[in-house]
Protein chains: 2
Amino acid sequence: MSRPTKHSPERGSARIRLLEAARDVIRSNGFAATSVDDLCRAADVTKGAFFHHFGSKEALGVAVAEFWTETNTGFFEAAPYHDPADPLARVLAYVAFRRAIITGGIAEFTCLVGTMAQEVYASSPDIRDACGRSIFGHAATLEADIEAARRDHGVSGGWTAESLARHTQAVIQGAFVLAKAGNDADLARESLDHLSRYIRHLFHVTEEDDA
Amino acid sequence: MSRPTKHSPERGSARIRLLEAARDVIRSNGFAATSVDDLCRAADVTKGAFFHHFGSKEALGVAVAEFWTETNTGFFEAAPYHDPADPLARVLAYVAFRRAIITGGIAEFTCLVGTMAQEVYASSPDIRDACGRSIFGHAATLEADIEAARRDHGVSGGWTAESLARHTQAVIQGAFVLAKAGNDADLARESLDHLSRYIRHLFHVTEEDDA
DNA sequence: GATAATACATACCGTACGGTCGGTATATGT
DNA sequence: ACATATACCGACCGTACGGTATGTATTATC
């Protein structure tokens, strides 16, 4: 009779398991309300493993924000909204894509780094900055298409591509706040519809699909 | 020589002092990261007083959301954006007003109930609902002007006054998230400029002041 | 002036928190 | 074969947490 196998996860996986658990648990309960023990339990990992991989709870916060950045970068790079040949179509497809991935429970589609930044911006500059890099880094990936669309359509006004890119993120973050406050995902979709309409107005696109 | 006056606050003021302290401290540190002792210290009140007025920390959370609703209702009712005779002008003046009151530190202009809702939406439905009532109640105060402007200008499209009113709040909340993440109030102003431009586009107002 | 309710104050309780520490099992390089 | 580093375990520590129990000063009511 061999040693009881005790259902232990693979050696070497503790760090990633902790980051995934942190992403999920913090997204629904917040950073401060999530204890290190909570995370260890969710990741099926001991406290020794936690503090072997992360120097403190705050360090885990920074690491999970960076983990979010990495996984999201891949996810959005692979998304189909890059397919259209026309830059403006790509920008509108991005907004449509953001709207389309609002599915399932609120904790499944809302933004980890937006939540964490809002919560710890004053008490933990390190986490806040990691969250900021995530949000503004993602915004920056939209700038080229917006700028190209702007040139293509000869549009000008009191705004820049950089500013509009950031604004899309503000609307998305605000949409999540309202969805949480009203406990209704439709509230988020509603704001993304307004954002799409705004961009179409900026580029003088007819409202044929507004019905 | 009379009894040493020991610098004690007025009797009967503990409840309001706690609510004001909670508003300020929670706004910068978050709900979960703020302890009952923190609040008592900030309000110069003992723990006995705290639990005399509030049955639990969560009950304080609900009460401070309602306190926020009450004080903000008065503040916005007295604000000058109601002055213009034209409904659309009032709507645009509202957005301009929200932009103008972005002053001082981030904790001074951001929204308590948006922050709390985002943080506790899953773990404390009571607080979440109190925050939701605050946000959506405030949004509702904009509906009449939006609807009147809509009729005046004969504008129609795939949106309702109710939906646009909520969207203004989403943009404002998202603007706060970005301001926190980037530690820069200008990020919030930027999104309010986009919101103003969106509304002007919806009502076909010329962009004379965009320059 | 007695009674009762309100508004605090203070000491205390059990627990859960972030973090530490000594140890062991496994892989890796020589 | 041995040394070394990495990955993990689990008991433990001091403290800070939310909440309670009991007592007292002030106010309102009759």
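Remember, it's a predicted structure, so these values are computed and weren't measured experimentally. Note on naming: letters A, B, ... go to the chains in the order of the sequence lines (proteins, then strands), and numbering restarts at 1 for each one.
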Students often mix this up, so state it plainly: with edges at 30° and 60°, are the rings of B:Phe76 and B:Tyr94 parallel, tilted or perpendicular?
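The rings of B:Phe76 and B:Tyr94 sit tilted, inter-plane angle from 30° to 60°.
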Is the ring pair B:Tyr81/B:Phe97 parallel, tilted or perpendicular, if the boundaries are 30 and 60 degrees?
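It falls in the tilted class, 30° to 60°.
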Flag, side chain of [X] to backbone of [Y], donor-acceptor distance under 3.5 Å:
X	Y	value
A:Arg189	A:Ile102	yes
A:Arg90	A:Asp83	no
A:Gln118	B:Gln118	no

Choosing from [options], which nucleotide comes nearest the side chain of [X]?
X	options	result
A:Thr46	D:dG10, D:dG19, C:dC8	D:dG10
B:Val36	C:dC17, D:dG18, D:dT6	D:dG18
B:Phe51	D:dG19, C:dC8, D:dC9	D:dG19
B:Lys47	D:dG19, C:dT26, D:dA11	D:dG19
B:Ser56	C:dC17, D:dG19, C:dT26	D:dG19

So that I know where these two stand, are B:Phe176 and A:Tyr121 an aromatic pair - ring centroids less than 6.0 Å apart?
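No, the ring of B:Phe176 stays outside the 6.0 Å limit from the ring of A:Tyr121, centre to centre.
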Euclidean distance, atom [atom1] of residue [X] to atom [atom2] of [N] [Å, nearest integer]:
X	N	atom1	atom2	value
A:Phe31	C:dG18	CZ	C1'	11 Å
A:Arg15	D:dT6	CZ	C1'	14 Å
B:Leu39	D:dA16	CG	P	17 Å
B:Arg41	C:dA9	CZ	C1'	17 Å
A:Phe50	D:dG10	CZ	C1'	16 Å
B:Glu10	D:dT26	CD	C1'	14 Å
A:Ile16	D:dC8	CD1	P	11 Å
B:Leu60	D:dC17	CG	P	15 Å

Let's test your reading of the model: under 3.5 Å, does the base of C:dG19 pair with the side chain of A:Lys57 as donor and acceptor?
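No such pair is found, so the answer is no.
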Tell me which pairs pass salt bridge (Lys or Arg N to Asp or Glu O under 4.0 Å) where either residue lies in residues 57-75 of chain A, with sequence neighbours left out.
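For residues 57-75 of chain A: A:Glu66-A:Arg133.
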Looking at [X], does any N or O in its side chain come under 4.0 Å of the phosphate oxygens OP1/OP2 on [N]?
X	N	answer
A:His52	D:dA7	yes
A:Ser35	C:dC17	yes
B:His53	C:dC8	yes

Where are the stems of DNA chain C, defined as at least 3 consecutive Watson-Crick or wobble G-U pairs with both distances under 3.5 Å?
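Stem segments, range with range: C:1-30 with D:1-30.
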